[in-house]
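The figures that follow rest on heavy atoms only: side chains count, while hydrogens, waters and symmetry mates do not. Letters A, B, ... are given to chains in the order of the sequence lines, protein chains preceding strands, and every chain is numbered from 1.
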2 protein chains.
Amino acid sequence: MLPISVVERETGLAKDTLRIWERRYGFPKPLRDRNGDRIYTVQEVERLRHIKRLVDSGFRPGKVIAGRIADSPNPRSIDAEAKPRVDHHVAQLLVLVKRQARRELSNALLEQLGELGLRRFVLERIAPLTTLVGESWARGELSIHGEHLYAEFANGILRTAAAGLETALAPPRILLTTLPGEPHGIGLLMARCLMALESAETISLGVETPIADMVAAAEKHEAQVVALSVSQAFNAAELLKLLPVLRQRLNSTTQLWLGGQGAAKAKLRLRGIALVTSLSEIAPTIAAWRGAAPEPTHNVYKA
Amino acid sequence: MLPISVVERETGLAKDTLRIWERRYGFPKPLRDRNGDRIYTVQEVERLRHIKRLVDSGFRPGKVIAGRIADSPNPRSIDAEAKPRVDHHVAQLLVLVKRQARRELSNALLEQLGELGLRRFVLERIAPLTTLVGESWARGELSIHGEHLYAEFANGILRTAAAGLETALAPPRILLTTLPGEPHGIGLLMARCLMALESAETISLGVETPIADMVAAAEKHEAQVVALSVSQAFNAAELLKLLPVLRQRLNSTTQLWLGGQGAAKAKLRLRGIALVTSLSEIAPTIAAWRGAAPEPTHNVYKA
DNA sequence: TGCAACTATTGTCTAGGACAAATATATTTA
DNA sequence: TAAATATATTTGTCCTAGACAATAGTTGCA
């Protein structure tokens, strides 16, 4: 028997949303404790998590809750297009992730890292695998803890791999982080690896940095670029609410780069924000920045 | 001009709390947009963050907002006792963190890791430094992005250091994570290092795992122990709400260990939960587990 | 078929009331 | 004086019920 605050945490559904679903659709229908406060059963929470998944992948709550959505069949969109091109190696890795075969997964990843080198490993293995893992999770083929476990593995490997790269540094100095509410840090790590491979100086703040602190950090470290990673799951409305605030408060000579699966949600409406549509665009984007040689700002670098 | 949802994210104050402070104390007093929705100024948000800090360190909102609290002077409790014993090396590291001297900090940490070895490095440097960083932040001597940056550094170093330890494994198999709402993962990484040094098998799920998934993961991986890290800042009421739920849903033969600065908040009221009061207790606790030899469960290990 | 106008759905916001838990203060007892 | 108990205040979270903008889906028209 769980109170509404716990259910909010467990499911990611706002209290307001839980209440209005109850009012509109008759589900969930929690019992009340002696104070009249809602208390939810574990079963309800389980179903809510399921519904949340479907809603996140594009279905409408009204229909899902009414039970008018077939359960497993392909959550539209993704399917026919994406699947055919899955590389054989990546597909095999996905199997290991789903099985949560820790040892095997670890061995396979390390081996392929050694074989391909960091750049190709990131672009051809981790990036597509991360996308597939996200999709599998959305389809319900992978548990949340399975996804967590994968994230930890990728995190460890990328960090270890990147540890050796901090050598010769050239501008731009890039501040890396995610918006508040965006807990996925893998994209950030991938980006950091690729930027480091271009000898750019990266400063990572980890995930979920409040806007005000991004601005402060950019000034403090005299970053020429602030790069944000936005995952598929990130709320589009939230994104369009936060970005203008950030852009406006950031020094106008500081560039703002947006990458990740969810970056496209920021459409092209927004001025002063560069979309880095894929990881392979990072190198060209840095090259372009260097080419444009935007007045050697505050600090001068020695090559 | 920020809407209430953004302010909630930026400050960590619930919408309900923002509204009731306005009603009761007259601050914040946001303007309204054309729909009558609250919009906050950047200054208000700044002050709210300041107030939040003071409240978290024990002051009462009513007084703080009325301005009846002197600004900087020592937020009680911590002070006379903690300071005297700060090791010289750690104090120097703290200075680097505050200066956000990335290169120097990195060098100093790596050097000391090499000098002391992982175990002592964790126990004598990272652990006390993390505590100091947390306190400095609470006192307002360190910005949030300063804390983020430190967390990233520590994260990178500990992960890299731990990467080499995955060799001979013996029980118990330990599942590591934090509760939903607890984003601090450093304690987890430190614990993982120390556990790995005892040759225990660790499975880290990263931070903020929903209760249901901890239970599922523990079963899936047949973990004998679930270990949670709780930071100082974690809400005590939340902790006492979540732990019984977890304990109850977890297999009764699975032990639940609680560590971190905030673990003490779970007092001794709770049955079936072991407090690991400090990092140096980890080794003895594992030894004790092995000594008790709780019926060689499901799977048998070969030494 | 393509585009504009209309309708339905949905999440988030509002107000103001209530109450339990935590904390502070006053009073009594040892 | 110190400790224990009772009373008062403070505080966050929950409640109901109404409103509306933004998005998604549907219809009508060129």
Please work out if [X] contacts a base, only the sugar-phosphate, or nothing of the nucleic acid, heavy-atom cut-off 4.0 Å.
{"X": "A:Arg34", "result": "nothing"}
{"X": "A:Arg24", "result": "base"}
{"X": "A:Asp16", "result": "base"}
{"X": "A:Ile20", "result": "base"}

Hey, is the side chain of [X] poking within less than 4.0 Å of OP1 or OP2 on [N], counting only N and O atoms?
{"X": "A:Arg32", "N": "D:dT16", "value": "yes"}
{"X": "A:Tyr25", "N": "C:dT9", "value": "no"}
{"X": "B:Thr17", "N": "D:dT13", "value": "yes"}
{"X": "A:Asn35", "N": "C:dA20", "value": "yes"}

**Message:** So which atom in B:Pro180 and which in B:Ile211 form the shortest heavy-atom distance, rounded to 0.1 Å?
**Reply:** CG-N, 4.4 Å
**Request:** Grab the two heavy atoms, one from A:Met214 and one from A:Leu175, that are nearest each other, plus how far apart they are.
**Result:** O-CD2, 3.8 Å
Separation of [X] atom [atom1] from [N] atom [atom2], in whole Å?
{"X": "B:Ile4", "N": "D:dC20", "atom1": "CD1", "atom2": "P", "result": "19 Å"}
{"X": "B:Leu48", "N": "D:dG12", "atom1": "CG", "atom2": "P", "result": "12 Å"}
{"X": "B:Asp56", "N": "D:dT11", "atom1": "CG", "atom2": "C1'", "result": "14 Å"}
{"X": "A:Leu18", "N": "D:dT16", "atom1": "CG", "atom2": "C1'", "result": "16 Å"}
{"X": "B:Arg23", "N": "C:dA18", "atom1": "CZ", "atom2": "C1'", "result": "10 Å"}
{"X": "A:Lys15", "N": "D:dT16", "atom1": "NZ", "atom2": "P", "result": "14 Å"}
{"X": "B:Trp21", "N": "D:dT10", "atom1": "CH2", "atom2": "C1'", "result": "13 Å"}
{"X": "A:Glu8", "N": "D:dC15", "atom1": "CD", "atom2": "P", "result": "11 Å"}

**Message:** Which nucleotide wins on minimum distance to the side chain of A:Pro61, given the candidates C:dT12, C:dG11, C:dT14?
**Reply:** C:dG11
**Request:** Kindly point out which of D:dC15, C:dA20, D:dT10 is positioned nearest to the side chain of B:Arg60?
**Result:** D:dT10
**Asked** Do side-chain atoms of B:Glu147 reach the backbone of B:Val133 as a donor and acceptor pair under 3.5 angstrom?
**Response** no
**Asked** For A:Glu208, does its backbone N or O pair with a side-chain atom of A:Thr178 as donor and acceptor, under 3.5 Å?
**Response** yes
**Request:** State whether a side-chain donor-acceptor pair under 3.5 Å links A:Thr131 with A:Gln261.
**Result:** yes
**Asked** Does B:Arg19 make a side-chain donor-acceptor contact with the base of D:dG12, cut-off 3.5 Å?
**Response** no
**Message:** Quick check: on DNA chain C, is the nucleotide nearest A:Val55 upstream (toward 5') of the one nearest B:Ile39, or the reverse? Name the residue that is more 5'.
**Reply:** A:Val55
